Amino acid sequence: MCGGKTFYLETFGCQMNVHDSEKVIGTLLHEGYRQVETVEQADLILYNTCSIRDKAEQKVFHRLADYKKLQAEGKKFGVLGCVAQQEGEKIFDRAPHVSLVCGSASYRNLPQMLEQLETAGDTASHPSRKERGLSGAPTLTDPHDSRPRTQDSPLVRITGLDDRATDKCFETEYAARTNPHRGYITIIEGCDKFCAYCVVPFTRGKERSRTSDSVLAEARQMADLGYTEIQLLGQNVNSYKDPQGKCSFAELLAAVGEVPGIKRLRFTTSHPRDFGRDIVEAIDAVPTLCDHVHLPVQSGSNKILDAMQRLYTREAYLERIAWMKSAGRHIAITTDVIVGFPAETEDDFMQTLNLLDEVGYDGIFSFKYSPRPNTPALKLDDAIPDEEKSRRLEVLMQRQKEIQIANYKKYIGTVQEVMVEGKNDARNQWIGRTTQNKTLNFTVPDAQVPQVGTYVKVRTIQSFPNSLLGELVV
Ligand code: 5AD
Ligand code: SF4
């Protein structure tokens with residue numbers, strides 16, 4: 001057993017980051033590191049960061065400031081993910097106690113980088129890769145080692161920054177999935193859409209799809225391990241292009257959904273421009289595909305959609321919604337909305353509100369526009385005051401709450417199949433999730449103890465704006 005180096009990893013941001021962290025954790029465990037629960041216990045402190053909005057970016061710098069003093073104990077700090085890629089070596093200036101800055105397409109070099117950290121640092125206490133019979137010499141340089149070594153500046157500064165044009169993916173060989181029942185599979189990385197407000201094309205590089213063979217092999221492997229729910233991930237899943245040309249995204253959905261043992265298949269995130277009718281047909285045809293689509297709209301105004309460079313109109317978006325509504329199954333629809341994009345007038349905003357009514361979403365994620373580095377919208381005047389953005393956000397959320405109250409009420413009296421996700425001891429309720437991605441908490445008769453990860457039937461008896469309550473059908 002390894003008593004040696006320990007690491008702590010905190011993840012910010014989206015599901016892509018959560019899954020990247022699972023891959024990073026798996027890689028570090030393979031390298032002989034041990035994961036610990038607190039920064040105080042760790043030799044190496046890693047933050048997998050998000051830069052989608054300014055607030056998310058600031059969080060990591062606050063965290064780094066909070067724990068700076070631990071550097072005196074020989075702890076090392078690493079910044080991974082989107083802030084790492086976006087800010088690059090500037091992070092060393094802002095947080096001089098950081099030793100490692102690494103973008104997501106460079107994670108496969110982490111073993112070499114860690115070896116550099118160990119050999120450059122004076123805390124290395126476990127055998128080198130060579131001693132452990134692992135191949136691959138460190139290839140990265142140490143561009144910032146000219147600074148004097150003081151307590152405030154670490155021995156070594158290592159960067160792994162990605163080229164936007166990279167063809168590399170971070171494979172899942174060692175992914176340490178945290179949930180034994182449902183797990184993610186990345187099918188496509190990066191984004192080529194360049195929406196005017198979005199930093200992702202700059203932090204995660206160009207679109208790279210994995211072969212359908214490797215996706216299917218991973219799905220089968222997960223099914224063999226007992227996973228019953230899979231979520232296919234990508235910034236833009238329906239731009240998926242099989243490099244072997246064997247299947248379309250909809251065909252991949254059907255193929256993964258038919259892997260024996262898989263009971264539920266989800267996918268996120270979809271872009272309306274690439275959302276074909278064949279996806280809805282696949283949902284209708286393959287029972288394991290969940291009755292839920294997340295289709296970010298961002299705005300209900302054609303003027304704003306155009307300024308956002310979203311590549312579709314309100315009408316084209318609503319056509320996709322109509323496909324889903326005419327499906328044989330009731331598909332729950334959720335979305336993302338941005339308020340206060342440059343030049344959004346009250347009338348544009350009203351069109352967004354009116355779109356919420358027209359679609360009748362089962363959930364939305366809503367955000368105030370936040371100017372991001374490198375993005376085309378940065379040259380637009382961010383003239384809408386923050387108070388006005390907050391007001392619009394508040395109005396939007398209130399309207400959506402009313403829609404959800406009405407939508408969720410319709411489930412009262414119905415029986416839903418849920419995957420048991422855990423127990424809320426304080427309420428003495430079990431937590432379940434429906435195929436439509438709704439939380440359905442439920443009570444059980446005294447003698448019954450449902451097993452986490454199994455599927456049970458629940459009769460819905462009460463509804464709330466964001467969840468349902470029911471009782472186990474015995
Ligand atoms: N400001 C506000 N929200 C943003 N999003 C992406 N970039 C920005 C930004 N600059 C939102 C979009 C996207 C979601 C993941 O985050 O709604 O769909
Ligand atoms: Fe960002 Fe647009 Fe790409 Fe989504 S599709 S990641 S919003 S650029």
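Both counts, for ligands and for their atoms, begin at 1 and track the order of listing. Atoms considered below: every heavy atom in the structure, side chains included; atoms not considered: hydrogens, waters and symmetry mates. Every value quoted in this text rests on a predicted model; they were computed, and no experiment measured them. Here, residue 1 is the first one in the sequence, and each next residue gets the next number.
- In summary, the aromatic rings of H97 and Y67 are positioned with their centroids too far apart to meet the 6.0 Å limit.
- For Y317 (side chain) and L295 (main-chain N/O), a donor-acceptor pair under 3.5 Å exists by modelled atom type.
- A cation-pi arrangement is present between K263 and Y455 under the rule of less than 6.0 angstrom and at most 45 degrees off the ring axis.
- Looking only at heavy atoms of the protein, atom 2 (C) of ligand 1 is closest to K368 O, 3.3 Å.
- Taking atom 1 (Fe) of ligand 2 as the reference point, the nearest protein heavy-atom neighbour is C198 SG, 2.2 Å.
- Of all atoms in ligand 1, listed by their number and element, those nearer than 4.0 Å to a heavy atom of Y369 are 1 (N), 2 (C).
- Contact atoms of ligand 2 toward H271: 5 (S) (distance under 4.0 Å to a heavy atom of the residue).
- Interface atoms of ligand 2 facing Q235, defined by a heavy-atom separation under 4.0 Å, are 6 (S).
- Any N or O atom pair closer than 3.5 Å counts here, and R372 shares no such pair with ligand 1.
- Residue T186 is tested with Q15, K23, R210 for a side-chain hydrogen bond (donor to acceptor under 3.5 Å, both in side chains); the sole match is K23.
- Applying the 4.0 Å criterion to heavy atoms of R310 picks out, from ligand 2, the atoms 2 (Fe), 7 (S).
- In the model, Q416 has no side-chain atom that pairs as donor or acceptor with a side-chain atom of Q436 under 3.5 Å.
- Using a cut-off of 2.8 Å, one finds that C195 contributes no N/O/S atom close to atom 1 (Fe) of ligand 2.
- Of all atoms in ligand 2, numbered sequentially from 1 with element shown, those under 4.0 Å from a heavy atom of N236 are 5 (S).
- Summary of contacts: the protein heavy atom closest to atom 15 (C) of ligand 1 is D336 OD2, 3.8 Å.
- The contact set between ligand 2 and Y197, taken as ligand atoms under 4.0 Å from a residue heavy atom, comprises 7 (S).
- When non-hydrogen atoms are compared, ligand 1 lies under 4.0 Å from the backbone of I52 as well as from its side chain.
- Relative to the six-membered ring of Y408, K438 meets both conditions, a distance below 6.0 Å and an angle of at most 45° to the axis.
- No part of P296 comes within 4.0 Å of ligand 2, judged by heavy-atom distances.
- The shortest contact between atom 9 (C) of ligand 1 and any protein heavy atom is with S370 O, 3.6 Å.
- Closest protein heavy atom to atom 7 (N) of ligand 1: Y197 CD1, 3.3 Å.
- A salt bridge does not link E171 with R108: every distance from a Lys NZ or Arg NE/NH1/NH2 to an Asp or Glu carboxylate oxygen is 4.0 Å or more.
- Close approach of ligand 1 to R53 (heavy-atom distance below 4.0 Å) involves ligand atoms 1 (N), 2 (C), 3 (N), 4 (C), 5 (N), 11 (C), 16 (O).
- Taking atom 12 (C) of ligand 1 as the reference point, the nearest protein heavy-atom neighbour is Q298 OE1, 3.5 Å.
- The only member of L64, T11, L9 that meets side chain to side chain contact (heavy atoms under 4.5 Å, CB included) when paired with Y47 is L64.
- Ligand 2 does not have R204 within reach: every non-hydrogen atom of the residue lies 4.0 Å or more from it.
- Not one N or O on the side chain of D274 forms a donor-acceptor pair closer than 3.5 Å with the backbone of N238.
- Although no hydrogens or angles enter the test, the distance criterion places a donor-acceptor pair under 3.5 Å between the side chain of R208 and the main chain of K168.
- Side chain of S106 to backbone of C102: no donor-acceptor contact under 3.5 angstrom is found.
- Shown in contact with C191 at under 4.0 Å from a heavy atom are these atoms of ligand 2, numbered in order with element: 3 (Fe), 5 (S), 6 (S), 8 (S).
- The minimum heavy-atom distance between P296 and S270, with the atom names listed, is CD-O, 3.1 Å.
- Listed by number with element, the atoms of ligand 2 under 4.0 angstrom from any heavy atom of P201 are 8 (S).
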